[in-house]
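Scope of the values below: all heavy atoms of this structure, side chains included, with no hydrogens, waters or symmetry mates. We're numbering straight along the sequence, starting at 1. Order of appearance sets the numbers: ligands from 1, and atoms from 1 within every ligand.
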Amino acid sequence: MSDTPSVLFVCLGNICRSPLAEAAFRAAAERAGLEVEVDSAGTGAWHLGDAPDPRAQAIAREHGLDISGYRARKVTRADYDRFDHMIALDEDNYETLHIYRPEGARAQVTMLLDHVPGREREPVADPYYGGPGGFESTWEDVSAGAAGLLQGMVART
Ligand code: 4NP
């Protein structure tokens, strides 16, 4: 088994929050010089094969990241053995991941903000039905989560 930590971020549609978490974590790991395997997926199937929501692409671009090539996919059973961490963006995604977690699976299932001291069990709010302002707060949350997650990994290496 490789020592490279592997992380799958999971939200509902895989077009707003989890692609942003993936991008934020990828960038933070790169800045820290830590090699990681990162992907994102959704628990729902409405947007399979779609690019991230234009509002998510815009906020990523504002922060210097291009996520236009990402494509939505659904969580699979194989993900539970492929990834060390499956990280849910909110409590619904967290419960879904737990319900389908096979006995003895490799992946640890947590919520993103569990990795930010003092924000354990807090969800990253779904920005899909709100205005563009919601995406700035999504970006702040996923950046905080990515930084906390990375800090934990660096501390363990
Ligand atoms: P996400 O946002 O879970 O952050 O990607 C959503 C995207 C699409 C839908 C809901 C949430 N939808 O109902 O289609």
Practice prompt. Return yes if some donor-acceptor pair links the side-chain N/O of Arg17 with the main-chain N/O of Pro127 below 3.5 Å, else return no.
Written response: no
Which N or O atoms of ligand 1 sit under 3.5 Å from a protein N or O, and how far apart is each pair?
from: ligand 1; atom 1: 2 (O); to: Asp126; atom 2: OD1; distance (Å): 3.4
from: ligand 1; atom 1: 3 (O); to: Leu12; atom 2: N; distance (Å): 2.9
from: ligand 1; atom 1: 3 (O); to: Gly13; atom 2: N; distance (Å): 2.8
from: ligand 1; atom 1: 3 (O); to: Arg17; atom 2: NH2; distance (Å): 2.9
from: ligand 1; atom 1: 4 (O); to: Arg17; atom 2: N; distance (Å): 2.9
from: ligand 1; atom 1: 4 (O); to: Arg17; atom 2: NE; distance (Å): 2.7
from: ligand 1; atom 1: 5 (O); to: Gly13; atom 2: N; distance (Å): 3.4
from: ligand 1; atom 1: 5 (O); to: Asn14; atom 2: N; distance (Å): 3.2
from: ligand 1; atom 1: 5 (O); to: Ile15; atom 2: N; distance (Å): 3.0
from: ligand 1; atom 1: 5 (O); to: Cys16; atom 2: N; distance (Å): 2.9
from: ligand 1; atom 1: 13 (O); to: Tyr129; atom 2: OH; distance (Å): 3.3
from: ligand 1; atom 1: 14 (O); to: His47; atom 2: NE2; distance (Å): 2.9

| Does the Glu35 side chain pair with the main chain of Thr4, one donor and one acceptor, at a distance under 3.5 Å? | no
For a quick check under 3.5 Å, do Thr110 and Asp114 share a side-chain donor-acceptor pair by atom type? no
| Gln108, CD atom: more than 12 neighbouring heavy atoms under 6.0 Å | no
Decide whether a cation-pi geometry holds between Arg121 and Tyr94; the criteria are a distance under 6.0 Å from NZ or CZ to the six-membered ring centre and an angle within 45° of the ring axis.
-> yes
- Please answer whether the main-chain N or O of Val124 pairs with a side-chain N or O of Asp90 as donor and acceptor at a distance below 3.5 Å. no
